[in-house]
Enquirer: 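There's a structure below that I have some questions on.
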Amino acid sequence: MKKKTILIVIIFILAINLAGCKSTKSNEPITRTELMMGTVIKVTLYENESQKILDKVFKRISEIENLVSINKNGTELDKLNENAGIQKVKLSETSYDIIKKGLEYSKLSNGGYDISIGPLVKLWSIGLPEAKVPTKEEVKDTINYVGYSKIQMNDSTHEAFLTQKGMMLDLGSIAKGYATDEVARILKEENVNRAIVDLGGNIYALGSKEENEKWNIGIQDPFDSRGNVVGSIEVSDKSVVTSGVYERFIEKDGVKYHHILNPKTGYPYKTEIAGVSIVAQKSIDADALSTLIFTKGLKEGLKLVEDIENVDAVFITKEKKVYTTKGLKDNFKLMNKKFELGN
């Protein structure tokens, strides 16, 4: 799927009240920040602080990156794409699980979201120095190599096969979500009950800030790259992933072309949605849905999320109206006067 740079969700972590307690090294939060998977990754532990735990976390992220990154050579994803139309490829459990989940969402959207969109992403290359607006002929030709129905999976052997030569999977819309969930899993296994995980905007809020107080997560203004927020929500043991049409784009003859491509037309989606934040228990679900929503538009997108259990969303339209699903009605707090609630 597209090489997606997700809008950064600004995290407001209220200071932990330590009044009356003696501060020691053991209760000071520790943070590590590294550049991996094509983005800035930051993990902060507020309990059971240990550099060894962070070592384990970042080692796992590196393993995932070395398997499915589209920016690296010699990965399993690379091997699978190179063997398109030639032969099936045996995959690790990690690569297989990510592709299988991406295929599920491709089917759910009837191809509006499609992990085989790699050839189109490469053609446009939005966000890269070689970005261009392709000709109609180039788009028409490239679409022929896109189609999730041409992906074959074998659960018993963990083999995958792209049946047409020239096909290419792009897992950028889902791999960071998988990695975020893996970090959360490791932290729980290490008895860390309070932490914030940020994989380039894929947020996971582990536990609560304090015993009776959830984490306060700010929702980025999709029109402003300076870090301003539209509002905030309170979450615990949830992932928040935000995506928007103004993250990356190219402009030609006064027309802006954003990076969220329609696999069926080959061009960026035309939508009234400027940004969407998905709240889910699993970051991999939030990651995929934050892209899939643009295939539906506002009305159908709201309905889709309402129909999925334990998933909520905040929609921001180009007219600067904010819509939330029912589960966030009493949770979302509007903080920016430039916006208004739409429902």
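Note that this is a predicted model, so its numbers are computed, not measured. Nothing fancy with the numbering, it's 1 onward along the sequence. All heavy atoms count here, side chains included; hydrogens, waters and symmetry mates do not.
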Enquirer: Do you reckon I30 sits in the same ILVMFWY cluster as Y46, going by side-chain contacts under 4.5 Å, direct or chained?
Expert: yes

Enquirer: Once salt bridge (Lys or Arg N to Asp or Glu O under 4.0 Å) is applied, what residue pairs with a partner in residues 128-144 remain, sequence neighbours excluded?
Expert: K132-E138

Enquirer: Which pair of non-hydrogen atoms, one from I64 and one from I98, has the smallest distance, and what is that distance?
Expert: CG2-CD1, 4.3 Å

Enquirer: Any side-chain heavy atom of F58 within less than 4.5 Å of one from I41?
Expert: yes

Enquirer: Report, as yes or no, whether the 6.0 Å neighbourhood of atom CG on D330 holds more than 12 heavy atoms from other residues, nucleotides or ligands.
Expert: no

Enquirer: Would I86 and L169 show up in the same hydrophobic cluster when neighbours are defined by side-chain heavy atoms closer than 4.5 Å?
Expert: no

Enquirer: What side-chain hydrogen bond (donor to acceptor under 3.5 Å, both in side chains) pairs are there with at least one residue in residues 313-326, not counting sequence neighbours?
Expert: D312-T325

Enquirer: Could you work out the complete set of other residues in the hydrophobic cluster of L35, with links drawn between I, L, V, M, F, W and Y side chains under 4.5 Å apart?
Expert: V40

Enquirer: Which residue pairs pass the ring-ring contact (aromatic ring centres under 6.0 Å, His included) test when at least one of the two sits in residues 266-287, sequence neighbours left out?
Expert: W124-Y267

Enquirer: Partners of D237 by salt bridge (Lys or Arg N to Asp or Glu O under 4.0 Å), sequence neighbours excluded?
Expert: none

Enquirer: Just by distance, with hydrogens left out, do S243 and S290 show a side-chain donor and acceptor under 3.5 Å apart?
Expert: no

Enquirer: Report yes if some heavy atom in the side chain of F339 is under 4.5 Å from a heavy atom in the side chain of F223; otherwise report no.
Expert: yes

Enquirer: Answer yes or no: are there more than 12 heavy-atom neighbours, outside E189 itself, under 6.0 Å from its atom CD?
Expert: yes

Enquirer: Check T291 against S173 and note the closest heavy-atom contact, atom names and distance.
Expert: OG1-CB, 3.9 Å

Enquirer: Just so I know, are the side chains of V241 and S283 near enough to count as touching, which here means a heavy-atom distance under 4.5 Å?
Expert: yes

Enquirer: Which pair of heavy atoms, one from P222 and one from V230, lies closest together, and at what distance?
Expert: CD-CG2, 4.2 Å

Enquirer: How long is the gap from CZ on R60 to CZ on R185, to the nearest 0.5 Å?
Expert: 6.5 Å

Enquirer: Suppose the criterion is salt bridge (Lys or Arg N to Asp or Glu O under 4.0 Å): which pairs have a residue in residues 73-94, not counting sequence neighbours?
Expert: K88-E159

Enquirer: ring-ring contact (aromatic ring centres under 6.0 Å, His included): which pairs involve residues 67-100, sequence neighbours left out?
Expert: Y96-H158

Enquirer: Can you tell me how far the OH atom of Y148 sits from the OG atom of S109, to the nearest 0.5 Å?
Expert: 7.0 Å

Enquirer: List the steps, then state whether side-chain contact (heavy atoms from CB on, under 4.5 Å) holds for L80 with L162.
Expert: CA-CA 7 Å; L80 179 62; L162 309 184; 4.1 Å; yes

Enquirer: Linking I/L/V/M/F/W/Y whenever their side-chain heavy atoms sit closer than 4.5 Å, directly or via other members, would L341 and L298 fall into one cluster?
Expert: yes

Enquirer: Strictly distance-based, threshold 3.5 Å: is any side-chain N or O of R194 a donor or acceptor partner for the main-chain N or O of E47?
Expert: no

Enquirer: In the structure I gave you, are the side-chain heavy atoms of H258 and I126 within less than 4.5 Å of one another anywhere?
Expert: no

Enquirer: For a quick test of reading the model, state the closest non-hydrogen atom pair linking Q281 to Y204 and the distance between them.
Expert: O-CE1, 3.6 Å

Enquirer: In Å, rounded to the nearest 0.5 Å, how long is the span from CD1 of I203 to OG1 of T180?
Expert: 8.0 Å

Enquirer: Which atom pair, heavy atoms only, marks the closest approach of K100 to D155?
Expert: NZ-OD2, 3.0 Å

Enquirer: Should R32 and Q51 be marked as a side-chain contact (heavy atoms from CB on, under 4.5 Å) after you check the CA-CA gap, both sets of side-chain angles, and the distance that decides it?
Expert: CA-CA 9 Å; R32 184 178 299 181; Q51 292 294 344; 2.8 Å; yes

Enquirer: I need the N83 CG to N81 CG distance, nearest 0.5 Å.
Expert: 9.5 Å

Enquirer: Got a sec: does the NZ of K296 have more than 12 other heavy atoms crowding it under 6.0 Å?
Expert: yes

Enquirer: May I ask whether I250 and I117 are part of the same hydrophobic cluster, defined by side-chain heavy atoms of I, L, V, M, F, W, Y residues being less than 4.5 angstrom apart, directly or through others?
Expert: yes

Enquirer: Regarding D307 and K303, does a basic nitrogen lie under 4.0 Å from an acidic carboxylate oxygen?
Expert: yes

Enquirer: Decide yes or no on side-chain contact (heavy atoms from CB on, under 4.5 Å) for L77 and L67, but give the supporting numbers first.
Expert: CA-CA 6 Å; L77 182 60; L67 288 172; over 6 Å; no

Enquirer: Which residue pairs pass the ring-ring contact (aromatic ring centres under 6.0 Å, His included) test with at least one member in residues 295-316, sequence neighbours excluded?
Expert: none

Enquirer: What residues, two or more places apart in sequence or in another chain, satisfy salt bridge (Lys or Arg N to Asp or Glu O under 4.0 Å) together with D285?
Expert: K101

Enquirer: V57 versus V197: any side-chain heavy-atom pair under 4.5 Å?
Expert: no

Enquirer: Taking all non-hydrogen atoms of both residues into account, name the closest pair between G207 and S236 and its distance.
Expert: O-OG, 2.8 Å

Enquirer: Decide yes or no for Y113 and L108: does some side-chain heavy atom of the first lie under 4.5 Å from some side-chain heavy atom of the second?
Expert: no

Enquirer: Within this structure, what is the CG-CG distance for the pair L187 and L206, rounded to the nearest 0.5 Å?
Expert: 6.0 Å

Enquirer: Side-chain contact, heavy-atom cut-off 4.5 Å: V229 with N336?
Expert: no

Enquirer: Show your reasoning for whether side-chain contact (heavy atoms from CB on, under 4.5 Å) applies to I219 and V240.
Expert: CA-CA 9 Å; I219 305 300; V240 182; 4.3 Å; yes

Enquirer: Within the distance-only criterion (no hydrogens, no angle test), does the side chain of D181 pair as donor or acceptor with the backbone N or O of I284 below 3.5 angstrom?
Expert: yes

Enquirer: With clusters defined by side-chain heavy atoms of hydrophobic residues (ILVMFWY) lying less than 4.5 Å apart, directly or transitively, does Y145 cluster with V89?
Expert: no

Enquirer: Counting only N and O atoms by type, is there a donor-acceptor contact under 3.5 Å from the side chain of S69 to the main-chain atoms of N66?
Expert: no

Enquirer: Is the shortest heavy-atom distance from the side chain of I70 to the side chain of K122 under 4.5 Å?
Expert: no

Enquirer: Begin from the C-alpha positions of K107 and E104 and carry the test salt bridge (Lys or Arg N to Asp or Glu O under 4.0 Å) through to its verdict.
Expert: CA-CA 5 Å; K107 292 176 180 178; E104 288 177 12; over 6 Å; no

Enquirer: Between D198 (side chain only) and K42 (backbone N and O only), is there a donor and an acceptor less than 3.5 Å apart?
Expert: no

Enquirer: Once salt bridge (Lys or Arg N to Asp or Glu O under 4.0 Å) is applied, what residue pairs with a partner in residues 249-278 remain, sequence neighbours excluded?
Expert: none

Enquirer: With sequence neighbours left out, what residues match E65 under salt bridge (Lys or Arg N to Asp or Glu O under 4.0 Å)?
Expert: K72

Enquirer: Can you tell me how far NZ of K176 sits from CG of D287, rounded to the nearest 0.5 angstrom?
Expert: 7.0 Å

Enquirer: Could you pull out all residues at least two apart from E306 that satisfy salt bridge (Lys or Arg N to Asp or Glu O under 4.0 Å)?
Expert: none

